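Beneath this line is the structure, given in structure tokens, with notes to follow.
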Amino acid sequence: MAKNWHLQKSENVERKQKIFRKREHSDNSSQRDFEIPEADWAPHIEKGWFAARVVEVHKKYAFVSPEPTLFTVSTRDVWLSTLARKFMKNDRQERNLIAVGDRVLCRSDQFQCEKQYSELPQCTVEFRAPRSSKLARLDPLYLDREHVLASNVTQLIVVASFLAPTVKWGLIDRYLVLAEEEGLEAILILNKKDLLRTCEDPTFIETCAEHCAHYEKLGYRVLQVQAGGPRHAKKAKEEIAAVFRNQISLLSGHSGVGKSSLVNLMKPELKQDVETEEILQKGRHTTTYASFIKLGIGGYVIDTPGIRSFLIRERTPLELTIGFREFRPYIGKCKYRKCAHIEEPHCAILAAVEAGDISRWRYRSYVGILTGATGREGRMQNHGGEPDDPDSLA
Ligand SMILES: Nc1nc2c(ncn2[C@@H]2O[C@H](COP(=O)(O)OP(=O)(O)O)[C@@H](O)[C@H]2O)c(=O)[nH]1
Ligand SMILES: [Mg+2]
Ligand SMILES: [Zn+2]
């Protein structure tokens, strides 16, 4: 199996190089002209132009909220926006030129009657400020292109439920890799603690306790809470609020784990729909698009949709070892410079796993991501569900 992996990997490298060569030669000017540092916006600002925050991105349009100076956005003041035509090209490396959390410069279209197809005020997004951080997955339609899920967040909150749905440690690790790469603090919230209390499988309970303790040992903050469900206690609220307050948090995790329930504890400007168990079992998601929500306790949260496919772009073993913080002390200590830490002799990481200094399940996560064996769940459903649309913003 490992041999096959090496073969597959070299083919992938070749394919990737081809893509990069193509990119170098393709006209990527639309992306370049679109991104302008905020300090350089002033000469472009004319009457009717305003700074805003992207609060929701749909396929053909986005919602933005005016934000004259940073962190003054009211997510109740919503404008319907489209992207300036000149930027609607299909030669870009990113599926979406704008993402939730982007700071943008908009031109009001209030008086252009032909565009009036909504009650909301309308505008065109002319420029975007560079992103201080971004979270992206691979576009399920074009695997050489990124789908930016959110930008400019200050922390990543990975939400999982112990049960219903059962926690997937591998998914948590994939999110942690992204956080490490972006230099973002990641916090784990393990929800539905009440269900764990009534669980009758002692091995599962033990594994959960061990894994949570291990993440804490690695330096991640871990909260075990009950955000909703029957008779949920209010006392967890302050502990949760302390995590969200005055941050721009990106909430990620499978549908049904309790993300909206968590947001609703933080006095959001817009109350979030909480799925009923019945709807969840049928597999329908009401939160389809990520949205930027102002919290009454201070700060903002971006709630991401229940994404079925969370495939992160290919990484070299070196890139990936950086995403696993406990692997870092061993970087450069293997016999072979290009060691992938799979089966090579005198591998420092394999030795650390043997010695118990790196946990076996974190190591398995590493191998899963490296070989592309994890994260493909439901990719086919998604593939069929999303139309091939070059003008799509989402
Ligand atoms: N038992 C229990 N159910 C919860 C808890 N938190 C949320 N739920 C329920 O789980 C379901 C999904 O919650 P929701 O917040 O919509 O999850 P989201 O899809 O991640 O936004 C809803 O029926 C909630 O009532 C919890 O701590 N315990
Ligand atoms: Mg939700
Ligand atoms: Zn190695």
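For the single chain, residues carry numbers from 1 onward in sequence order. In each ligand, atom 1 is the first atom listed, and ligand 1 is the first ligand listed. Every value quoted in this text rests on a predicted model; they were computed, and no experiment measured them.
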(request) Heavy-atom distances under 4.0 Å are what count here, so tell me which part of Leu262 touches ligand 1: side chain, backbone, both or neither. (result) neither

(message) Is there a polar contact between ligand 1 and Ser261, counting only N or O atoms under 3.5 Å apart?
(response) yes

(message) Centre-to-centre under 6.0 Å for Phe292 and Tyr300, is that the case here?
(response) yes

(message) If you measure every N or O of Gly258 against every N or O of ligand 1, does any of those distances drop under 3.5 Å?
(response) yes

(request) Could you tell me whether Arg360 and Glu354 have a side-chain N and a carboxylate O separated by less than 4.0 Å? (result) yes

(message) Can you tell me how far apart CG (Leu149) and CD (Glu146) are? Round to the nearest 0.5 Å.
(response) 9.5 Å

(message) Could you check whether any side-chain heavy atom of Arg103 comes within less than 4.5 Å of a side-chain heavy atom of Val64, counting everything from C-beta outward?
(response) no

(request) Please state whether the rings of Phe63 and Tyr61 are parallel, tilted or perpendicular, taking 30° and 60° as the class boundaries. (result) perpendicular

(request) Pick, from Gln272, His254, Lys259, the option with the minimum heavy-atom distance to atom 18 (P) of ligand 1. (result) Lys259

(request) Please confirm if an N, O or S atom belonging to Gln272, backbone or side chain, lies less than 2.8 Å from the Mg ion (ligand 2). (result) no

(request) Go through ligand 1 atom by atom and flag the ones less than 4.0 Å from a non-hydrogen atom of Gln226. (result) 26 (C), 27 (O), 28 (N)

(request) In plain terms, say whether Arg362 and Glu326 are close enough for a salt bridge, that is, a side-chain N and a carboxylate O under 4.0 Å apart. (result) yes

(request) Go through ligand 1 atom by atom and flag the ones less than 4.0 Å from a non-hydrogen atom of Leu195. (result) 1 (N)

(message) Heavy atoms only, cut-off 4.0 Å: how does Val257 contact ligand 1, side chain, backbone, both, or neither?
(response) both

(message) With 2.8 Å as the threshold, which protein atoms of type N, O or S lie near the Zn ion (ligand 3)? Leave waters out.
(response) Cys334 SG, Cys339 SG, His341 ND1, Cys347 SG

(message) Checking contacts here: is it the side chain or the backbone of Val274 that comes within 4.0 Å of ligand 1, counting heavy atoms only? Could be both or neither.
(response) both

(request) Give yes if a backbone or side-chain nitrogen or oxygen of Asp303 is under 3.5 Å from a nitrogen or oxygen of ligand 1, and no if not. (result) no

(message) Tell me whether Lys192 is salt-bridged to Asp194, with the criterion being a basic N under 4.0 Å from an acidic carboxylate O.
(response) no

(request) Please determine if Gly256 has a nitrogen or oxygen closer than 3.5 Å to a nitrogen or oxygen of ligand 1. (result) yes

(request) Please state whether the rings of Tyr366 and Phe324 are parallel, tilted or perpendicular, taking 30° and 60° as the class boundaries. (result) perpendicular

(request) Before accepting this row, confirm whether a basic side-chain N of the pair Arg315/Glu181 lies closer than 4.0 Å to the acidic partner's carboxylate O. (result) yes

(message) Through direct or indirect side-chain contacts below 4.5 angstrom among Ile, Leu, Val, Met, Phe, Trp and Tyr, which residues connect to Leu318?
(response) Ile322, Ile331

(request) Before accepting this row, confirm whether a basic side-chain N of the pair Arg131/Asp102 lies closer than 4.0 Å to the acidic partner's carboxylate O. (result) yes

(request) Please confirm whether Lys192 comes within less than 3.5 Å of ligand 1 when only nitrogen or oxygen atoms on both sides are compared. (result) yes

(request) Among Tyr220, Trp169, Trp361, find the residue that satisfies the ring-ring contact (aromatic ring centres under 6.0 Å, His included) test when tested with His214. (result) Trp361

(request) Going by heavy-atom distance to atom 3 (N) of ligand 1, choose the closest among Ser161, Gly229, Ala160. (result) Gly229

